[in-house]
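Worksheet: one structure, shown below.
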Amino acid sequence: KEAAHQLGTPLSSLMAWVELLKEKDETKEMVLEMEKDIKRLDTITDRFSKIGSKPELKEVDIVNLINQSVEYLKSRMPDNTLFTIEFPNKEIFIPISGILLEWVVENLVRNAVDAMKGKGEIRISITEDITNVIINITDNGDGIDKSIIKYT
């Protein structure tokens, strides 16, 4: 929680600087990307502040949530990383902690990029049946070394 608090102060300052930069036409595109990164830092701060706390579940459209997460990550991944997205063309609301689900998706995507050494395809799909929503994230990396997999 202390780390979250410490990140909050410079984040507030950066947000103010971005607002000032927005007023200049020649910096608009750069400012938009900076703003996305500041929002991401704010999300990370929020994640850290929730460690050890019981997650708050809210009805969230996971199609939109995961799509926004992937769009943010796409522009920050190596150019040789191809994303294939298969999402339903509708909203799917379920009770979740949106911040924590975004964290999971981000970690899985980053692990996939590492496994592929920055070059390959990441496929993300969302499907549902009567009682379940299935989020599937796969990559064409080498996979986990068989010698470190523990079978129970």
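The structure displayed is predicted, hence computed values, not measured ones.
- Between the side chain of N140 and the backbone N or O of E121 there is at least one donor-acceptor pair closer than 3.5 Å.
- In this structure, CD1 on I126 lies 10.5 Å from CD on E86, to the nearest 0.5 angstrom.
- The same ILVMFWY cluster, assembled from side-chain heavy atoms under 4.5 Å apart, contains both M77 and I85.
- In this structure, L82 CG and K119 NZ are separated by 12.0 Å, a value rounded to the nearest 0.5 Å.
- Few gaps surround CG on D129; more than 12 heavy atoms of other groups in view lie less than 6.0 Å from it.
- Taking 4.5 Å as the limit, every side-chain heavy atom of V105 sits out of range of all side-chain heavy atoms of L65.
- At least one side-chain heavy atom of D142 sits under 4.5 Å from a side-chain heavy atom of K117.
- Counting only distance, with no hydrogens or angles, the side chain of D61 and the backbone of I92 share a donor-acceptor pair below 3.5 Å.
- Put simply, the residue from T127, I94, I96 that forms a side chain to side chain contact (heavy atoms under 4.5 Å, CB included) with V133 is I94.
- More than 12 heavy atoms of other residues, nucleotides or ligands sit less than 6.0 Å from atom NZ of K74.
- Using a 4.5 Å cut-off between side-chain heavy atoms of Ile, Leu, Val, Met, Phe, Trp and Tyr, with links allowed through other members, I99 and L41 fall into different hydrophobic clusters.
- The two residues T81 and G118 have their closest heavy-atom pair at OG1-O, 3.2 Å.
- By the 4.5 Å heavy-atom criterion applied to side chains, V60 and L101 are not counted as neighbours.
- Contact detail for L57 and S97: the closest heavy-atom pair is CD2-N, 3.6 Å.
- In this structure, CH2 in W103 is found 13.0 Å from CG in L108, a value given to the nearest 0.5 Å.
- A donor-acceptor pair is defined here as one N or O able to donate and one able to accept, closer than 3.5 Å; no such pair exists between the side chain of N67 and the backbone of V63.
- Taking 4.5 Å as the limit, some side-chain heavy atom of E106 sits within range of a side-chain heavy atom of L73.
- R123 contributes atom CZ, which lies 13.0 Å from atom CD1 of I137 (distance to the nearest 0.5 angstrom).
- Proximity of K39 to Y72: side-chain heavy atoms (C-beta onward) are nowhere separated by under 4.5 Å.
- Residue S69 comes nearest to E102 through the heavy atom pair OG-CG, 3.1 Å, listed as atom of the first residue, atom of the second, then distance.
- Using a 4.5 Å cut-off between side-chain heavy atoms of Ile, Leu, Val, Met, Phe, Trp and Tyr, with links allowed through other members, V104 and I124 fall into the same hydrophobic cluster.
- Summarising the local packing, CD of E56 is surrounded by 12 or fewer heavy atoms from other residues, nucleotides or ligands at distances under 6.0 Å.
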